[in-house]
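None of the values given here were measured: they were computed from a predicted structure.
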Amino acid sequence: METAREVLVIGGSRYFGKRLIARLLAAGDRVTVLNRGSAAPPSGTVHLVADRDDEASLNSALGSRTFDVVVDQVCYTPRQAAVARRVFAGRTRRYVMTSTVEVYEYEDSIALVREDAVDPRNVPVDLGLPWHDPDFLESHYGEGERQAEAVFSVDPAFPFTAVRVAHVLGGDDFTGRLAHYADRIRTGAPVAVPVDNQPATYIHVEEIADFLAWTVGADFTGPVNAASHGLLDTEELCEAVAAHLPEGRTVLQEVEVGETSPFSFTRAYGMDNSRATRLGFTFDDARRWLPEAVAETLGNNARR
């Protein structure tokens with residue numbers, strides 16, 4: 001039998017994080033969950049409470065513990081990455097950061113975007129920006145993730161990979177994005193989309209949990225895109241939602257300025273998943289799981 005791995009998950013108390021933890025436990029890993037204490041971790045894990053932004057708090061909570069792999073689900077800024085880099089140097093054999101498709105926010109390409117479009121080793125880091133300000137962080141989400149990747153990638157303290165996650169659908173989605181469509185379709189209210197509305201890549205909540213669990217057991221480094229095969233646009237998402245609302249009506253309204261609906265984009269948002277495929281992961285097709293994802297998300301609220 002293989003020796004059980006010691007895995008630390010930072011965050012991970014909801015959505016695909018808790019699914020990842022379930023997979024690790026099922027594989028026989030010893031899992032420690034670190035968060036601020038606002039949510040209880042899944043049963044079977046060791047729970048550590050600390051503020052990840054506070055280096056002293058983090059060091060105190062960890063004590064002398066070391067890990068085979070750290071999976072960081074909630075690293076959003078270069079400051080957080082800098083703290084983690086110092087704290088976990090010498091504490092882990094591998095560090096996996098859950099990053100985002102938003103690192104490609106300036107890449108407007110008809111072709112699917114590959115990882116080398118944003119090389120974190122070439123991304124400037126500015127720790128002096130107001131990363132502590134929630135409004136600033138929200139409006140600079142992609143930039144925060146890019147710079148966090150850069151901190152870990154330049155002169156790395158441990159083998160590091162950044163999993164750039166496509167838009168996630170399915171299950172107990174807490175974001176309310178598909179619910180937005182359901183509410184509009186149910187009442188016949190217009191769904192605002194850009195005049196030049198572009199598609200994007202997506203991944204099912206169970207598939208990204210599978211991918212992260214697979215990454216924990218791998219040894220590759222550097223950024224990797226995690227996305228199901230196929231592009232989806234707003235109209236396809238609306239059609240999938242409308243299938244659960246036979247009395248509803250889909251009205252797409254093109255707008256040149258102003259706020260548009262979730263998952264409506266003025267530029268292409270497609271990621272190339274060929275690196276992960278070459279490394280050995282098999283992705284599903286987004287159109288195959290989309291009806292299931294919508295059914296899971298809307299649940300009993302679909303026909304209210």
Side-chain angles (χ1 to χ4, degrees), residues 1-55 57-76 80-81 83-100 145 148-149 152 156-165 168 170-174 203-221 224 226 276 279-281:
M1 291 182 60
E2 294 184 2
T3 303
R5 296 171 299 195
E6 295 286 349
V7 182
L8 172 68
V9 179
I10 305 176
S13 61
R14 60 181 179 177
Y15 210 32
F16 59 84
K18 66 182 182 182
R19 290 168 169 83
L20 164 64
I21 291 170
R23 284 158 171 74
L24 296 175
L25 291 172
D29 295 322
R30 291 189 288 265
V31 181
T32 300
V33 177
L34 186 147
N35 60 27
R36 291 175 297 179
S38 57
S43 176
T45 63
V46 174
H47 189 199
L48 302 180
V49 177
D51 180 353
R52 66 150 316 137
D53 295 319
D54 184 331
E55 190 166 343
S57 170
L58 199 50
N59 271 314
S60 177
L62 290 168
S64 61
R65 293 177 176 86
T66 60
F67 305 94
D68 295 301
V69 185
V70 173
V71 183
D72 194 340
Q73 293 277 80
V74 288
C75 187
Y76 304 124
Q80 292 175 330
V83 168
R85 186 185 183 281
R86 290 192 295 269
V87 169
F88 288 101
R91 287 185 186 269
T92 185
R93 298 177 183 175
R94 177 169 168 77
Y95 202 100
V96 177
M97 172 186 158
T98 302
S99 187
T100 173
E145 295 278 15
E149 287 188 24
F152 287 122
F158 29 64
F160 169 73
T161 191
V163 178
R164 294 171 175 171
V165 182
V168 182
D172 48 331
D173 181 8
F174 60 92
I203 193 165
H204 191 271
V205 63
E206 301 291 346
E207 187 170 37
I208 187 56
D210 286 340
F211 187 88
L212 288 168
W214 170 77
T215 303
V216 166
D219 60 4
F220 63 87
T221 59
V224 62
L279 288 166
F281 190 85

Problem - Under-4.0 Å salt bridge between Asp68 and Arg93 - result: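 Result for this pair is yes, salt bridge flagged.
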
Handout entry: Pair Arg19 + Asp172, salt bridge at N-O below 4.0 Å
Key =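 Yes.
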
I'd like to check [X] versus [Y] (side-chain heavy atoms, cut-off strictly below 4.5 Å). Are they in contact?
X      : Y      : answer
Glu55  : Val87  : yes
Val9   : Thr45  : no
Met97  : Glu145 : yes
Asp173 : Val168 : no
Trp214 : Leu279 : yes
Thr98  : Val96  : no
Leu62  : Phe67  : yes
Gln73  : Leu212 : yes

Atom [atom1] of [X] and atom [atom2] of [Y]: how far apart are they, to the nearest 0.5 Å?
X     : Y     : atom1 : atom2 : result
Ser60 : Asp54 : OG    : CG    : 9.5 Å
Leu24 : Thr32 : CG    : OG1   : 11.0 Å
Thr66 : Leu8  : OG1   : CG    : 11.0 Å
Gln80 : Ile10 : CD    : CD1   : 9.5 Å

Problem - Arg94 charged N/C atom sitting above Phe220 aromatic ring, 6.0 Å / 45° - result: yes

Exercise for the section: Verify, without hydrogens or angle tests, whether Thr221 (side chain) and Pro159 (backbone) share a donor-acceptor contact under 3.5 angstrom. Expected result: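 No; zero donor-acceptor contacts below 3.5 Å.
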
Which heavy atom of [X] sits nearest to which heavy atom of [Y], and what is that distance?
X      : Y      : answer
Leu25  : Ser43  : CD1-O, 3.5 Å
Val69  : Val216 : CG2-O, 3.7 Å
Asp72  : Arg52  : OD1-NH1, 2.7 Å
Ile21  : Val31  : CG2-CG1, 4.2 Å
Ala276 : Phe211 : CB-CE1, 3.6 Å
Val71  : Leu20  : CG1-CD2, 3.8 Å

Practice task
Just do the side-chain contact (heavy atoms from CB on, under 4.5 Å) check on Thr161 and Thr215 with the steps written out, would you?
Solution key: CA-CA 9 Å; Thr161 191; Thr215 303; 3.9 Å; yes

Problem - Arg30 atom CZ, over 12 foreign heavy atoms within 6.0 Å - result: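 Correct, the count exceeds 12.
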
Problem - Glu206 and Arg23: CA distance, side-chain angles, deciding distance, salt bridge (Lys or Arg N to Asp or Glu O under 4.0 Å) verdict - result: CA-CA 10 Å; Glu206 301 291 346; Arg23 284 158 171 74; 2.7 Å; yes

Exercise for the section: Can you label the angle between the Phe160 ring and the Tyr95 ring as parallel, tilted or perpendicular, going by 30° and 60°? Expected result: tilted

Practice task
Show your working on side-chain contact (heavy atoms from CB on, under 4.5 Å) between Val46 and Glu6 and close with a plain yes or no.
Solution key: CA-CA 11 Å; Val46 174; Glu6 295 286 349; over 6 Å; no

Exercise for the section: Before giving the answer on side-chain hydrogen bond (donor to acceptor under 3.5 Å, both in side chains), spell out for Ser99 and Glu149 the whole-Å C-alpha distance, their side-chain angles and the decisive distance to 0.1 Å. Expected result: CA-CA 8 Å; Ser99 187; Glu149 287 188 24; 2.6 Å; yes

Practice task
Measure from the ring center of Phe158 to the ring center of Phe88 and say whether it is less than 6.0 Å.
Solution key: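 Ring centres of Phe88 and Phe158 not closer than 6.0 Å.
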
